[in-house]
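This report concerns only the one structure given below.
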Amino acid sequence: MEFERLSSIPTRTPRRFNSKQNGSKVNVALVGLGYWGPNLLRALFELPDVEVSYICDLDPDRLERFGRRYPSARPTRDFENLLADPHVDAVIIATPVFSHFGLASRALQSGKHVFVEKPLASTSAEAGELLELADSMDRAIMCGHTFLYSPAVREVKRIIQSGDLGEIYFISSSRVNLGLHQRDVSVVWDLGPHDFSILLYWMDEMPEWVGAVGRDSVVKGIPDVAFIDLGFPSGALSHIELSWLAPSKLRRTVVVGSQKMVVYDDSSSEPVRVFDSGVEYEDPETFGQYQLSYRTGDILSPKLDTTEPIITELTDFVQGVRQGVAPAGNPTLARNVVHLIEAAESSIEERGVPVQIDSPVAHTAR
Ligand SMILES: NC(=O)c1ccc[n+]([C@@H]2O[C@H](COP(=O)([O-])OP(=O)(O)OC[C@H]3O[C@@H](n4cnc5c(N)ncnc54)[C@H](O)[C@@H]3O)[C@@H](O)[C@H]2O)c1
């Protein structure tokens, strides 16, 4: 899978940088062994051309637990230890959002390639700085937008690109469940990156405006529900519901086009269903007598690849490091995701007043 194909949002030009010798393993260090880090660790150990030489966490109990499970990886509480080791090619960061910029910039300054979990940074200015630093150090930077490697998400992208859906009228999405309440970030920072990254990938354009409302129902100061609207230059609209307060888990997105409609339901045994349904408007022969014809045709459920997104995602990163090809596309998309989160948060503070997206900044190809 090539990064460049992940998005046609303006991307960085793929460049060559210090490549690994063919045949040698890519040596990585994983930082952060909380909820998500262990998933990355397990996936890294499944990749044949990767050696995990360090695991790092501030919490000694977690270090001890995962040190026992993966004895070949050296446990350390001090991030600087793994930066100082010249054998470490790449650092994979799965720590809380507020720490991404500090850790990723230190790793890039130390000459390491960097994979940072989503969202790339806690401000778009920091995200932009990371991209510039990676450029100036000639190192790869990639953000863990895992859903872009989901076979279902990729299939919907293929269908949209094929033109089968016609003009995209709107996309509505619900990503809700009970918990896990984050202590430091709102539901927009926690769950928003998934929908924003998918939308940018599917739509290939940056929204012009974002409006959002939300509330901190349980923990004051940390919004746990948000309703976000986005408007795209093409005229497409999107509505995203994000919440940690729902009786059951729902991950459902509906894409409505002028020709067909798609339901992407991540928790279904048929995650993608294409409905040959629509409404046709027939011009009136005489004033005021227009006709609408409703069409409900076949429902198709395409067969999907069963590859695990986290494995494909890390394979892409590792191959980028190995082959010396910078992962174009992903960093710019990741920075745009942070722009959208900031816009949604500002709009929530203003009780839903739409925020214009500064598209020249967001779209600047590098
Ligand atoms: N791609 C996905 O689908 C996905 C899913 C869940 C979480 N995430 C992302 O993964 C990241 C981590 O989330 P989480 O839920 O695992 O958080 P968490 O709080 O459960 O774990 C974070 C871990 O990082 C450690 N840590 C913090 N600062 C550190 C430092 N300076 N040096 C070393 N260790 C440090 C903490 O001790 C903790 O063990 C977040 O960016 C989150 O958005 C991604």
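In each ligand, atom 1 is the first atom listed, and ligand 1 is the first ligand listed.
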The closest protein heavy-atom partner of atom 13 (O) of ligand 1 is Trp36 CB, 4.4 Å
Between Gly67 and Ile55 the two heavy atoms that sit nearest each other are N-CD1, 3.7 Å
Tyr35-ligand 1 polar pair, N/O distance under 3.5 Å: yes
Short N-O contact, Lys112 and Asp89, less than 4.0 angstrom: no
Atom 21 (O) of ligand 1 has as its nearest protein heavy atom Gly34 CA, 3.2 Å
With side chains defined as the heavy atoms from C-beta onward, is the minimum distance between Leu103 and Phe79 less than 4.5 Å? yes
Please state which protein non-hydrogen atom is closest to atom 12 (C) of ligand 1 and give its distance, to 0.1 Å? Ala94 O, 3.4 Å
For His100, atoms of ligand 1 separated by under 4.0 Å from a heavy atom: 41 (O)
Between Arg335 and Leu120 the two heavy atoms that sit nearest each other are N-CD2, 4.2 Å
Distance from atom 44 (C) of ligand 1 to nearest protein heavy atom, with residue and atom: Glu117 OE1, 3.2 Å
Taking every heavy atom of Glu126 against every heavy atom of Ala121, the minimum-distance pair comes out as CB-CB, 3.8 Å
among protein heavy atoms, the one nearest atom 39 (O) of ligand 1 is Arg62 NH1, 2.4 Å
In ligand 1, which numbered atoms sit nearer than 4.0 Å to a non-hydrogen atom of Thr146? 1 (N), 2 (C), 3 (O)
Salt bridge between Arg77 and Asp57, side-chain N to carboxylate O under 4.0 Å? no
Would you call Arg158 and Asp164 a salt bridge, using N to O less than 4.0 angstrom? no
For atom 28 (N) of ligand 1, what is the nearest protein heavy atom, given as residue, atom name and distance? Leu58 CD1, 3.6 Å
Ligand-side contact atoms (ligand 1) for residue partner Gly144, heavy atom cut-off under 4.0 Å: 1 (N)
With a 4.0 Å cut-off on heavy atoms, does His194 reach ligand 1? yes
What protein heavy atom sits nearest atom 22 (C) of ligand 1, and how far off is it? Pro96 CD, 3.7 Å
Work out whether the distance between some heavy atom of Arg77 and some atom of ligand 1 is less than 4.0 Å. no
Asp190 and ligand 1 - part of the residue with a heavy-atom distance under 4.0 Å: neither
Which of the atoms in ligand 1, numbered in the order shown and given with their element, are less than 4.0 Å from a heavy-atom of Lys118? 4 (C), 8 (N), 9 (C), 40 (C), 41 (O), 42 (C), 43 (O), 44 (C)
For Trp189 against Ser122, the heavy-atom pair lying closest together: CH2-O, 3.1 Å
When every non-hydrogen atom of Arg62 is compared with those of Leu33, the smallest separation belongs to CD-O, 3.1 Å
re atom 36 (C) of ligand 1, the protein heavy-atom contact at minimum distance is Asp57 OD1, 3.4 Å
Presence of salt bridge, Arg295 and Glu280, under 4.0 angstrom: yes
